[in-house]
K.L.:
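Let me begin by handing over the structure; questions about it come next.
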Amino acid sequence: MSEDVYEIRLTVNGVPRSARAPARRLLSDFLRHDLGLTGTHVGCEHGVCGCCTVLLDGAPVRSCLMFAVSARAHEVTTVEGLGGPDGSLGPVQRAFQECHALQCGFCTPGFLVAVTALVRDARAAGRAGPTEEEVLEGISGNLCRCTGYQNIVKAVHRAADLMAEHGAEDGGEP
Amino acid sequence: MTTRMFGEPIQRREDPRLLAGRGRYLDDLGHGALAAAFVRSPHAHARVLDIDVTDALDVDGLVAIYTYEDLPERVADPLPLLIPHPALTHGRTGYPLANGIVRHVGEPVAMVVATDPYVAEDIVDLIQVNFEPLPAVVGIENAVRAERLVHDDVPGNVGAHLVQEVGDAPLAVDTAPHRLEFRLDIERSASTPLEGRGVYARPDASDGSIRVYSSTQTSTSVRFAIAAKLGLPATKVEVIAPDVGGGFGVKIVHPWPEEILVSWAARVLGREVKWAEDRREHFVSSAHERGQVQFVRVGFDDEGRVLGLDVRFLHDHGAYTPYGIIVPIITSTQLLGPYKVGAYRAEFTSLYTNTVIVTPYRGAGRPQGVFCMERTMDRIAEHLGRDRAEVRSANFIQPHEFPYDQGLVFQDGRPLIYDSGNYPEALEKVKEMIGWDEFPGRQEKAAAQGRRLGIGLACYVEGTGVGPYEGGHVQVDSAGRVHVSTGLTSQGQGHGTVFAQIVAEELGVPIDAVEVTTGDTRRFSYAVGTFASRAAVLSGNAIALACRRLREKALRIAGEALEADPGDLEIVDGIVRVVGNPRTAIPLRTVAVLANPLRYAFDEEAVRATQFARSSGDDGPPVPEDDEPGLEGRDYYSPVRSTFASGMHAAVVEVDPDTAEVRILRYAVVHDCGRMINPTIVEGQVHGGVAQGIAGALYERMAYDESGQLLNASFMDFLMPYATEIPRITTGHLETPSPLNPLGIKGAGEAGVIPVSAVIASAIEDAEGIRIARMPISPDELFWLRRRAETGEVERTGVVKSDRAP
Ligand code: FES
Ligand code: FES
């Protein structure tokens, strides 16, 4: 027995990509193993840990709960797409470094992606950044076993500050 | 002056890569490798009657299926018992694949290799294993009753029995003015790093070697284990720990069946093979910790000073004992905390059950010991109607009493002698931070509004930096870059930063010139591993010593080149110069060139070191006797015994009068790990540890049913806390240097987790007035505890009466 494979075309981090994969290939595995974008991590494969979070047309989704074929023709943003084109770190990434918001770094890509959307939405609503409650709520779909979250919360606020300092052109617009 | 680096809260140097998504974790490697998957036992205890692979054979992409019968000698042997101990009279280990019998759900029975992980898992589902289920032993009570056995040849299910004592504790208890007797329970939990285990093996047919990547806490020891199992000289095996997504203890265990089997299969097949554990596998086939039942007898005087402490406890070590009895040994020794007790006796029985193996999880037996001691302190205070802080204070070892010999043997086989500490100051500090003295007023006010507040406190001492040794190698290249390596591994502790800080400080080089490698046996092959908060102490000091050697050599060579006395030289910003005359100078990179006498000028810099360019001042050989070419230093640090970090935590909780939900309003930590290399990183370790402690106190447990099924083997059911459950933690530091090592440091990795269950139990008890003797505690359990307190089934606090151990 062998499986049918499908041509899957989508846009990842602004670049059109395509690869062939069977219908049951998870988006997380497709990104990691078929496209070689291993920054997106897999911590549970049942939708709880948030390590695999990516933006699908700008909204955070768990790529382990979605088939790659369903992402056809959509736009996906992964952690690899959060920095500047020159390889510099984006504001959320810089905030995480400044605030020591990562230790082993395994959960980090999922947080960075979720936080990017969180801060962007708060700013789009005309505010300087998310409130403390919004931050807790916004990251409450992501597990971290190392940091105890305190520095992550700090980093979210710092990311909002950095975005405010640098204006919208400096990231936060995927 | 070079900027000071040791002690500075600098940003981590490993972060840019990890933040950009360029980390290299195990499953990011080996694109195109064959995939391994395992058939695992669905039974807690069963005989394997037959394995039928017929249905699997025509699956496209199948490469191989292996069962126990296929394994050659050595690979087929039982896994090693890593830490033998004379008290472990009935140590048992499993086989890489089940040899006729399985003893816990999740034990590997067959291995599948296929072209793709999806296909490998399909094949696993098609393999039919015929089991004959046997009665399972689950839970400490059943294990000790021993109506059924986990191993036929282990009577009573007893793997080990150990007594340690100082003085005559039973007598001291019996003759003390006050006596108490009670039972305490702690349930199972587990490390649960977000990245599971994983192995990726790359055989090289041309020279018969193999390179293995493993998500491990000890690459050097995995290397020796694989070499032994595969019958290879260690020189043919290299093991690398790539980026590791958290360890917390579970990845110190080795060799895991998968490490051996994947390496073996890769060699047999002549192909790269990879296995990455999934979440369910991690729950049922890695390791757990914590489960104990403790029976305490304590005798004390009117001030609350402990005169005798007699503790018996039962420890559940699961189906096998590959890691020996380290966990209960640590419980029984670290139980004493910052206190001097008159006479002490600890007796434990370590028991087999048909559950996942129990090996160290961050804290490693200490949370249980501290729970026992701190609950005891609270009981004494309650009994005497004294302040809980005051009772602790009455029992403290005083600052002038160090080194303090507890008279026991610690987990490293060395005497339990505390090196330094300042417990009274730590207590004062934590009381102030949490508002201890003002709390009764606050509590009363809250009560008037119908709110239930409670405050709790707990103290601990943590033996850190255990031996036997670690090493460090430091090399300056001719571009002035400093390459540092040490054999132990990293799982997020920021070693790449703190070791670089040590090097920058010791050598006087810019930190950006320093590059650190850990956990790669190609770079450093002698090491023990990362556990017991030992990395900073052991490798940190070894690297500092290696730097000192390198520095001495650099000054000698520079002295010759500058015609100056090495004693008059200093290194600043990577340049060796004469003190007070900074223009007489030579860059370290040039010293590195001169340190390696050359025949061939392979680049511009190298010209200086060639034989006709060097002045031949004397008749000695170009490389003097007792010297080596190159600007390098290597050294080892092997401590006589452990360092002892300490700390105190306090918390204020609010308990909902209706739902019994517990909310932590404030959490304060005072932490003393000696001199800090990087306070930001230490604080991060504390935060993470406390979060795991809170998880273990209020949310996480391993829910086994009586047949040995783990009912909550997923993140849906095992409640790892999110940001919404973890409070803000305020941290205060003391820095009492250790006199035992050159840098004066102790370890910091595990501390945060250790006293949390004790603190939270104390605070809930204070809020509720109901005795808390079992952790973790869920709202549901607290709710029923209240009900039972109403009917008098459960004791309320403040009712003075000594209860009997069952
Ligand atoms: S891997 Fe997708 S949520 Fe955990
Ligand atoms: S940094 Fe390790 S899991 Fe979050």
Side-chain angles (χ1 to χ4, degrees), chain A residues 1-3 22 24-25 29 32-33 36-51 78-83 87 89-90 92-94 96-98 100-109 112 135-153, chain B residues 9 11-12 14-25 27-28 31 58-61 117-119 191-196 243-248 276 278-279 490-494 680-681 683-692 694 714-716 720-724 726 728-729 752:
Chain A
M1 55 193 200
S2 79
E3 281 181 283
R24 62 173 171 165
R25 178 84 90 237
D29 287 336
R32 289 175 46 74
H33 302 303
L37 294 168
T38 53
T40 299
H41 294 159
V42 170
C44 71
E45 278 188 297
H46 50 253
V48 183
C49 75
C51 289
T78 68
V79 66
E80 287 93 343
L82 299 185
L89 296 179
V92 180
Q93 291 163 315
R94 288 209 305 278
F96 268 61
Q97 179 171 23
E98 280 181 28
H100 185 33
L102 65 155
Q103 290 182 25
C104 78
F106 197 78
C107 68
T108 310
L112 293 172
V135 171
L136 289 178
E137 178 67 30
I139 61 171
S140 69
N142 292 72
L143 289 173
C144 173
R145 193 56 159 172
C146 298
T147 63
Y149 303 105
Q150 190 158 327
N151 290 344
I152 295 180
V153 172
Chain B
Q11 289 181 15
R12 295 206 322 173
E14 38 278 87
D15 288 354
R17 203 169 52 81
L18 301 177
L19 288 164
R22 284 189 283 109
R24 304 295 284 158
Y25 300 86
D27 196 32
D28 302 343
H31 183 72
D58 51 354
V59 176
D60 242 13
Y118 286 60
V119 176
S191 305
T192 328
L194 282 194
E195 181 204 33
D243 288 320
V244 173
F248 314 113
D278 69 26
R279 187 48 57 187
S490 302
Q491 306 84 43
Q493 300 90 337
T680 305
I681 287 180
E683 221 165 276
Q685 290 292 316
V686 171
H687 290 170
V690 171
Q692 277 178 323
I694 290 170
S714 85
F715 279 161
M716 310 264 195
M720 190 188 286
Y722 290 104
T724 33
I726 303 298
R728 261 188 67 80
I729 298 153

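Protein chains get the first letters and strands the later ones, always in sequence-line order, with residue 1 at the start of each. Please read these numbers as outputs of a predicted model, since none were measured by experiment.
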K.L.:
Please walk me through it: do A/E137 and B/T724 pass side-chain contact (heavy atoms from CB on, under 4.5 Å)?
P.N.:
CA-CA 7 Å; A/E137 178 67 30; B/T724 33; 5.6 Å; no

K.L.:
Take A/C146 and B/F248 through the test side-chain contact (heavy atoms from CB on, under 4.5 Å) and record every step on the way to the result.
P.N.:
CA-CA 9 Å; A/C146 298; B/F248 314 113; 3.6 Å; yes

K.L.:
Return the CG to CD distance between A/L102 and B/E14, rounded to the nearest 0.5 Å.
P.N.:
8.5 Å

K.L.:
B/D278 versus chain A, heavy atoms under 4.5 Å apart: side chain, backbone, both or neither?
P.N.:
side chain

K.L.:
Is the side chain of A/R145 donor-acceptor paired with the backbone N or O of B/S191 at a distance under 3.5 Å, no angle test?
P.N.:
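The answer is yes, because a donor-acceptor pair under 3.5 Å joins these two groups.
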
K.L.:
When rounded to the nearest 0.5 angstrom, what is the spacing between SG in A/C144 and CG in B/L194?
P.N.:
6.5 Å

K.L.:
When only pairs under 4.5 Å are counted, which of B/A691, B/P16, B/P9 shares the most heavy-atom pairs with chain A?
P.N.:
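Going by pairs under 4.5 Å, I would pick B/P16.
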
K.L.:
Among A/T78, A/L112, A/T40, A/V42, which residue has the highest count of heavy-atom pairs closer than 4.5 Å to chain B?
P.N.:
A/L112

K.L.:
Quick one: which of A/S140, A/G105, A/C51, A/G87 has the most heavy-atom pairs under 4.5 Å with chain B, could you say?
P.N.:
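The residue among A/S140, A/G105, A/C51, A/G87 with the greatest pair count is A/S140.
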
K.L.:
Considering only heavy atoms from C-beta outward, does the side chain of B/H687 approach that of A/T147 to under 4.5 Å?
P.N.:
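They are not in contact (no side-chain heavy atoms under 4.5 Å apart), so the answer is no.
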
K.L.:
Where does B/S490 contact chain A at under 4.5 Å (heavy atoms): side chain, backbone, both or neither?
P.N.:
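For B/S490, neither part sits under 4.5 Å from chain A.
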
K.L.:
Could you have a look at B/D27, B/I726, B/V690, B/D243 and say which one has the most heavy-atom pairs with chain A under 4.5 angstrom?
P.N.:
B/D27

K.L.:
Looking at B/G752, B/G684, B/G246, which one has more heavy-atom pairs under 4.5 Å with chain A than the rest?
P.N.:
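Of the options given, most contacts go to B/G684.
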
K.L.:
Go through the atoms of A/L136 and report whether side chain, backbone, both or neither lie under 4.5 Å from a heavy atom of chain B.
P.N.:
both

K.L.:
State, with a plain yes or no, whether a side-chain heavy atom of A/C104 is found less than 4.5 Å away from one of B/V244.
P.N.:
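Counting from C-beta outward, A/C104 and B/V244 never come under 4.5 Å.
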
K.L.:
Any side-chain heavy atom of B/Q11 within less than 4.5 Å of one from A/H100?
P.N.:
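Heavy-atom side-chain distance check fails, nothing below 4.5 Å.
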
K.L.:
Where on B/I681 is there a heavy atom nearer than 4.5 Å to chain A: the side chain, the backbone, both, or neither?
P.N.:
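Answer is both: backbone and side chain atoms of B/I681 are under 4.5 Å from chain A.
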
K.L.:
Go through the atoms of B/I729 and report whether side chain, backbone, both or neither lie under 4.5 Å from a heavy atom of chain A.
P.N.:
both

K.L.:
Can you say whether A/C44 sits under 4.5 Å from chain B via the side chain, the backbone, both, or neither, judging by heavy atoms?
P.N.:
both

K.L.:
Could you tell me which portion of B/Y118 (side chain, backbone, both or neither) has an atom closer than 4.5 angstrom to a non-hydrogen atom of chain A?
P.N.:
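Both parts, backbone and side chain.
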
K.L.:
Apply side-chain contact (heavy atoms from CB on, under 4.5 Å) to A/E80 and B/R22, showing your working.
P.N.:
CA-CA 8 Å; A/E80 287 93 343; B/R22 284 189 283 109; over 6 Å; no

K.L.:
Any idea which of B/G21, B/G688, B/G245, B/A723 has the most non-hydrogen atom pairs under 4.5 angstrom with chain A?
P.N.:
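Ranked by heavy-atom pairs under 4.5 Å with chain A, first place is B/A723.
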
K.L.:
Can you see which heavy atom on A/R24 is nearest to which on B/V119, and at what distance?
P.N.:
NH2-N, 4.2 Å

K.L.:
Given that the side chain runs from C-beta out, which part of B/R17 has a heavy atom under 4.5 Å from chain A: side chain, backbone, both or neither?
P.N.:
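Neither; nothing under 4.5 Å.
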
K.L.:
Mind running side-chain contact (heavy atoms from CB on, under 4.5 Å) on A/H41 and B/E195 for me, showing each step along the way?
P.N.:
CA-CA 9 Å; A/H41 294 159; B/E195 181 204 33; over 6 Å; no

K.L.:
Name the member of B/P193, B/G23, B/G494, B/S714 that forms the most heavy-atom pairs with chain A at distances under 4.5 Å.
P.N.:
B/S714

K.L.:
I want to check something: taking the side chain as every heavy atom from C-beta on, are A/V48 and B/R279 in contact at a cut-off of under 4.5 Å?
P.N.:
no

K.L.:
Below 4.5 Å, heavy-atom pairs only: which of A/I139, A/N151, A/V153 has the largest tally toward chain B?
P.N.:
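Winner by heavy-atom pair count: A/N151.
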
K.L.:
Does B/R24 reach the side chain of A/T38, with side-chain heavy atoms less than 4.5 Å apart?
P.N.:
yes

K.L.:
Answer yes or no: is there a side-chain heavy-atom contact under 4.5 Å between A/F96 and B/L18?
P.N.:
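The answer is no; the side chains never approach within 4.5 Å.
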
K.L.:
What class does the angle between the rings of A/F106 and B/Y25 fall in, given that below 30° is parallel, 30 to 60° is tilted and above 60° is perpendicular?
P.N.:
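Taking B/Y25 first and then A/F106, their aromatic rings stand perpendicular (interplane angle over 60°).
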
K.L.:
To the nearest 0.5 Å, what is the distance between CG on B/D15 and CD on A/Q103?
P.N.:
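The distance works out to 10.0 Å.
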
K.L.:
Where the side chain of A/Q93 meets the backbone of B/L19, is there a donor-acceptor pair that is under 3.5 Å apart?
P.N.:
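Checking the backbone N and O of B/L19 against the side chain of A/Q93, a donor-acceptor pair under 3.5 Å is found.
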
K.L.:
Are side-chain heavy atoms of A/L143 and B/F715 found at a separation under 4.5 Å?
P.N.:
yes

